[in-house]
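Computation of the quantities below employed the complete heavy-atom set of this structure, encompassing side-chain atoms and omitting hydrogens, waters and symmetry-equivalent molecules. Each residue takes its place number in the sequence, starting with 1.
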Amino acid sequence: MVVVAVLLLPGLGLLLFAMTCLEDRLFGDPAPPRHARRRHLRLLPGGGRGIDHGVGHGAERDAA
């Protein structure tokens with residue numbers, strides 16, 4: 001009887017480990033999708049323009 005218990009102990013430990021990993025995968029927090037990108041909020045219209053694109057526009061606005 002002791003021999004059977006000693007032989008089953010590694011199998012039960014492996015089963016417990018496998019079930020823990022499976023449970024974490026099923027009920028854990030989902031990872032963000034791979035295609036999702038972090039985008040910055042654009043609070044002002046035209047805020048997406050880069051520094052190079054806006055050169056000269058401020059001078060025209062001040063002259064008017």
Side-chain angles (χ1 to χ4, degrees):
M1 182 133 173
V2 173
V3 174
V4 174
V6 169
L7 291 176
L8 287 179
L9 188 62
L12 290 176
L14 185 63
L15 181 65
L16 180 64
F17 177 73
M19 292 302 291
T20 303
C21 291
L22 180 67
E23 182 178 303
D24 287 343
R25 186 180 295 173
L26 288 177
F27 300 119
D29 292 332
R34 287 185 283 173
H35 64 276
R37 295 181 185 165
R38 297 182 74 181
R39 298 185 184 204
H40 298 287
L41 293 176
R42 294 183 181 171
L43 301 176
L44 299 174
R49 285 187 287 175
I51 296 171
D52 296 336
H53 296 102
V55 175
H57 291 288
E60 294 172 4
R61 208 176 305 148
D62 292 338

Which Ile, Leu, Val, Met, Phe, Trp or Tyr residues join Leu9 in one cluster when any pair of side-chain heavy atoms under 4.5 Å counts as a link?
none
Other hydrophobic cluster members with Val6, side-chain heavy atoms of Ile/Leu/Val/Met/Phe/Trp/Tyr under 4.5 Å, chained?
Val2
Leu22 side, atom CG; Phe27 side, atom CZ - distance, nearest 0.5 Å
8.0 Å
